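Here the structure is a predicted model, which is why all the values come from computation and not from measurement. All values below were derived from every heavy atom in this structure, side-chain atoms included, with hydrogens, water molecules and symmetry-related copies excluded.
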Amino acid sequence: MRVLLAVVAVLVLFTGTAHATPRHIEARSPSLHPEGVAWDPSRGQFLVSSLRHGTVSLVGTNGRVRPLVTGTHMVSTFGLRVDGGRLLVTYGDIGFGERSVPGQSGLGIFDLRTGRALKFADIPNGANDVAVDPRGNAYVTGTLGDTIWKVGRDGTVTPFARDPRLGGASYGNNGIVWDPRGFLVTGHYTDGTLLKVTQNHVEELPAPKLPGADGLTLTPQGLVVVTNGLAAPGKNAMTLLDTRTWQVKSQRDWKTAPTTAARTPHGTYVLSGRVDLLVKGETTDEFSLDR
């Protein structure tokens, strides 16, 4: 009994709580409308982007929001990825920002601790999401084109893979993750195809098509695919795929239009940034994260 109490005391001392984070986290920040989310292991908090403000904010498990990255030229921020002490952020102008820089599309790299900008790299064709390999190379989807772009640690941008199946008449390759088996997985937003990508090679995975495939998150349980009907005939849902067979293990419908998810030590959290309202020309201060 004394040993158990000592363990609990240590947990409280180092984590602030002996309990898991809440299943539902309700947060508020003026018209933030986050589209991307990541977990910051150094702080034990979430990081969220903003379609309206082009910022990155920290969100505590209690729902408290405070800014980390502000005052840059980024119009809207999308996908986020933490890589050690770096924070990688895709950005651009898709018409939802408070200001406009037509054609803007890029990857911003920031100091995770301070939020200070380290580097900006221009990315063609509508940068949307980013994955990172073990060497620190970033891979960025170009949703308005047929190419996945590689950004080296020095900021050099080169085409990594180009294939017609990555593009299309409207939105193409969107969410992206690095699989530790040595390849990328990306989802085609419009037709829902999941694709395996290595350098100069693209192949379709034997997975069900999930139209509206937005964010992808690799977890110990499998690949989480978050879908929505914002700009494709998809349904608002979270689907878990077995990464050995690429078949559905489970699926859960969502009331609002989720965009992506973040893996945390407390489970996988799905983000609902109320982008559905923004698409209709409305704004709200509320957004949520659900385990």
Side-chain angles (χ1 to χ4, degrees), residues 16 21-22 24-99 101 104 106-120 127-130 132 175 214-215 217 226 256-279 282-291:
T21 57
H24 175 76
I25 299 170
E26 194 74 33
R28 293 180 63 89
S29 184
S31 62
L32 196 68
H33 291 283
E35 194 269 351
V37 63
W39 177 254
D40 178 359
S42 66
R43 294 181 175 93
Q45 297 184 39
F46 295 94
L47 294 152
V48 296
S49 59
S50 174
L51 291 179
R52 285 284 291 160
H53 308 314
T55 58
V56 178
S57 299
L58 291 158
V59 182
T61 55
N62 59 359
R64 178 178 175 239
V65 181
R66 60 188 181 93
L68 177 65
V69 176
T70 61
T72 74
H73 67 292
M74 301 185 295
V75 174
S76 293
T77 45
F78 312 119
L80 309 176
R81 194 73 58 182
V82 171
D83 178 44
R86 303 188 304 163
L87 171 62
L88 283 68
V89 182
T90 55
Y91 65 90
D93 184 357
I94 58 173
F96 293 139
E98 295 177 300
R99 58 192 186 281
V101 180
Q104 184 186 86
L107 176 71
I109 303 174
F110 301 86
D111 183 285
L112 179 63
R113 184 179 63 85
T114 65
R116 179 176 62 89
L118 303 175
K119 199 179 300 293
F120 290 98
N128 183 271
D129 200 9
V130 57
V132 185
D214 201 335
T217 305
V226 175
T256 57
T259 50
T260 191
R263 174 185 171 185
T264 83
H266 316 290
T268 300
Y269 278 77
V270 176
L271 170 68
S272 293
R274 299 316 310 265
V275 181
D276 52 320
L277 294 179
L278 199 57
V279 168
E282 304 173 19
T283 63
T284 180
D285 298 344
E286 299 177 353
F287 64 95
S288 60
L289 291 152
D290 289 272
R291 187 169 67 235

V132 and R86 have their tightest heavy-atom pair at CG1-NH2, 4.3 Å

With the side chain counted from C-beta on, respond yes when T283 and R52 share a heavy-atom pair under 4.5 Å apart, and no when they do not. yes

List the steps and the verdict of side chain to side chain contact (heavy atoms under 4.5 Å, CB included) for F96 and V279. CA-CA 8 Å; F96 293 139; V279 168; 4.0 Å; yes

Main-chain N/O of A127 paired to T90 side chain as donor or acceptor, under 3.5 Å: no

In short, P265 meets W39 closest at the heavy-atom pair CD-NE1, 3.3 Å

Compare every heavy atom of T61 with every heavy atom of G44, then report the nearest pair and how far apart it is. O-CG2, 4.2 Å

Measure across D285 and P30 and return the closest heavy-atom pair with its distance rounded to 0.1 Å. OD1-CA, 3.3 Å

Quick one: does any side-chain atom of H53 pair with a main-chain N or O of S31 as donor and acceptor, under 3.5 Å? yes

So, D93 side chain and V101 main chain: donor-acceptor pair closer than 3.5 Å or not? yes

Min side-chain heavy-atom separation L112-L47 under 4.5 Å: yes

Does T259 reach the main-chain N or O of E35 with its side chain, forming a donor-acceptor pair under 3.5 Å? yes

Taking the side chain as C-beta and beyond, is there a heavy-atom pair between L289 and F46 under 4.5 Å? yes

Inter-residue atom distance T70.OG1 - L68.CG, 0.5 Å rounding: 8.5 Å

Taking all non-hydrogen atoms of both residues, which atom of G175 and which atom of D129 are closest, and how far apart? CA-OD2, 3.4 Å

Where is the tightest heavy-atom contact between S50 and T77, given as atom of each residue plus distance? N-OG1, 2.7 Å

Just do the side chain to side chain donor-acceptor pair (under 3.5 Å) check on H24 and E26 with the steps written out, would you? CA-CA 6 Å; H24 175 76; E26 194 74 33; 2.6 Å; yes

R43 CZ: over 12 foreign heavy atoms closer than 6.0 Å: yes

Would you say the side chain of F120 lies within less than 4.5 Å of the side chain of T72, judging by non-hydrogen atoms? yes

Are L107 and L88 close enough that some pair of their side-chain heavy atoms sits under 4.5 Å apart? yes

Might you work through the side chain to side chain donor-acceptor pair (under 3.5 Å) test for T256 and S272, ending with a clear yes or no? CA-CA 7 Å; T256 57; S272 293; 3.1 Å; yes

Flag side-chain contact, heavy atom, 4.5 Å: V89 against F78: no

Does a side-chain heavy-atom distance below 4.5 Å link V69 with T55? no

Can you tell me how far apart CG (D214) and CG (N128) are? Round to the nearest 0.5 Å. 6.5 Å

Rounded to the nearest 0.5 Å, what separates atom OG1 in T264 from atom CD in Q45? 12.5 Å

Between R64 and L58, does the side chain to side chain contact (heavy atoms under 4.5 Å, CB included) criterion hold? Intermediate values first, please. CA-CA 8 Å; R64 178 178 175 239; L58 291 158; over 6 Å; no

Derivation of the side chain to side chain donor-acceptor pair (under 3.5 Å) call for T21 and Y269: CA-CA 10 Å; T21 57; Y269 278 77; 2.4 Å; yes

To the nearest 0.5 Å, how far apart are OG in S49 and CG in L271? 7.5 Å

Got F287 and V65 here, is their nearest side-chain heavy-atom distance under 4.5 Å? yes

